[in-house]
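No hydrogens, no waters, no symmetry mates; every other heavy atom, side chains included, goes into these values.
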Number of protein chains: 2
Amino acid sequence: MTYTIKEVAAKTGLSIYTLRYYDQAGLLPFVSRNTAGYREFTDGDLQLIHTITCLKTTGMPLAKIRQYMTEVMQGPATIPQRQQLLSEHRQAVLAQQAQIQQSLQELDLKLAIYQHPAAVTFVNAELSAIQAEKVANGLPNPFKK
Amino acid sequence: MTYTIKEVAAKTGLSIYTLRYYDQAGLLPFVSRNTAGYREFTDGDLQLIHTITCLKTTGMPLAKIRQYMTEVMQGPATIPQRQQLLSEHRQAVLAQQAQIQQSLQELDLKLAIYQHPAAVTFVNAELSAIQAEKVANGLPNPFKK
DNA sequence: GCTTGCCCTTGAGTATACTCGAGGGTTTAT
DNA sequence: ATAAACCCTCGAGTATACTCAAGGGCAAGC
């Protein structure tokens with residue numbers, strides 16, 4: 001059982017264009033062609049594409065993903081490299097998650113202010129303070145009142 | 001007390017180029033200019049820039065950030081719009097976090113396999129299975145071994 | 001008062017990741 | 001056997017977010 005590129009697009013959510021682009025970019029060195037030159041995807045290929053989307057979801061650039069897939073193609077000899085690549089990436093993802101978490105909390109705070117009954121008062125106060133700061137420094141007021 | 005663009009770059013971690021780019025893109029409508037045409041940043045401006053980086057960290061595109069900052073400039077009348085923009089973004093961030101978390105767990109699994117004493121065996125088995133699948137479908141084997 | 005360093009704008013260049021149209025071969029269903 | 005639907009490559013186009021060089025004005029120290 002093999003799949004056409006259209007079927008793979010439907011299964012993965014990636015567009016046909018994207019799949020071809022990935023192939024051309026060297027992310028899919030495992031995909032075989034039939035005699036007509038058509039790509040034929042196996043279930044194992046889908047697994048590997050799933051790994052690619054995991055890496056992409058976590059923000060890995062295509063060039064790094066390509067490197068990883070190339071190493072996968074070379075068999076067990078590249079396990080140390082893959083291990084390093086993935087564990088470095090893991091650290092980056094953890095850091096990124098922490099940053100997002102922090103920013104999210106600050107946004108939640110802003111939302112809480114907007115939802116407060118006295119939101120208008122708060123917002124006005126904040127706006128006035130910033131404008132006063134400009135005036136105090138002899139600067140033009142960029143706020144249209 | 002005001003800051004030059006260079007000082008703001010140092011304080012925020014954004015490059016001078018990026019700050020100017022953001023200004024030109026309409027993300028910094030609050031920044032005043034002195035008589036020479038130089039940007040002069042106040043502490044309040046730094047706060048607003050911090051909000052921008054929070055939005056950016058959480059993946060908001062610059063066009064949306066610009067919209068938000070424009071609304072901020074217009075005072076309390078735009079609180080409902082801002083609320084909607086932020087709460088929609090909040091939902092997107094939560095979804096994104098969940099996706100990252102899921103992908104991260106799958107990557108952790110891969111790492112665990114690579115760290116296992118029998119990693120070579122596992123990797124070889126997986127590779128063989130994929131190659132067997134190709135052969136079973138009469139496809140060329142794209143693996144060099 | 002002059003050099004050095006900082007600021008400005010404008011416009012072009014870069015990187016990344018797609019997205020699509022043209023032109024042409026293949027497969028499938030009628 | 002032929003039209004519709006699908007596949008291919010290649011090259012160009014788009015979107016986003018910077019990044020930088022050129023050319024020129026301003027400012028602070030010696």
Legend entry - CG-CD1 distance between B:L62 and B:I52, expressed to the nearest 0.5 angstrom: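 Separation between the atoms: 9.0 Å.
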
Legend entry - A:Q84, A:R82, A:Q83 screened by side chain to side chain donor-acceptor pair (under 3.5 Å) with B:Y114, the one that passes: A:R82

Inset, instruction - State which residue, out of A:Q96, A:H89, A:Q97, fulfils the side chain to side chain donor-acceptor pair (under 3.5 Å) condition with A:T58. - result: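 The option that passes is A:H89.
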
Polar-atom pairs under 3.5 Å, protein N or O versus N or O of nucleotides 1-6 of chain D: list them with distances, or write none.
residue	atom	partner	partner atom	Å
D:dC6	OP1	A:K6	NZ	2.6

Legend entry - Pairs involving residues 16-27 of chain B, ordered by first then second residue, that meet salt bridge (Lys or Arg N to Asp or Glu O under 4.0 Å) (sequence neighbours left out):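 Sorted result for residues 16-27 of chain B: B:D23-B:R33, B:D23-B:R39.
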
Can you tell me if [X] touches the phosphate of [N], counting only side-chain N or O atoms and a distance under 4.0 Å to OP1 or OP2?
| X | N | answer |
| --- | --- | --- |
| A:S15 | C:dC18 | no |
| B:R39 | C:dC8 | yes |
| A:R20 | D:dT9 | no |
| A:Y21 | C:dT16 | no |

Legend entry - A:T18 side chain, from C-beta outward: closest of C:dC18, D:dT19, C:dT26: C:dC18

Legend entry - Nearest-nucleotide pick for A:A36, side chain only, options being C:dT26, D:dC20, C:dC8: C:dT26

Inset, instruction - Name the residue closer to the 5' end of DNA chain D, choosing between A:Q24 and A:F41 according to the nucleotide with the nearest heavy atom. - result: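 The residue mapped nearer the 5' terminus is A:F41.
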
Inset, instruction - Starting from P on C:dC6, measure out to CD1 on B:I16 and report it in whole angstrom. - result: 8 Å

Legend entry - Atom-pair distance (OH on B:Y17; P on C:dA15), nearest Å: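 Atom OH in B:Y17 sits about 15 Å away from atom P in C:dA15.
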
Inset, instruction - Give, ordered by number, those residues of residues 53-65 of chain B having at least one heavy-atom distance below 4.0 Å to an atom of DNA chain D; if nothing qualifies, reply none. - result: B:K56, B:P61, B:L62

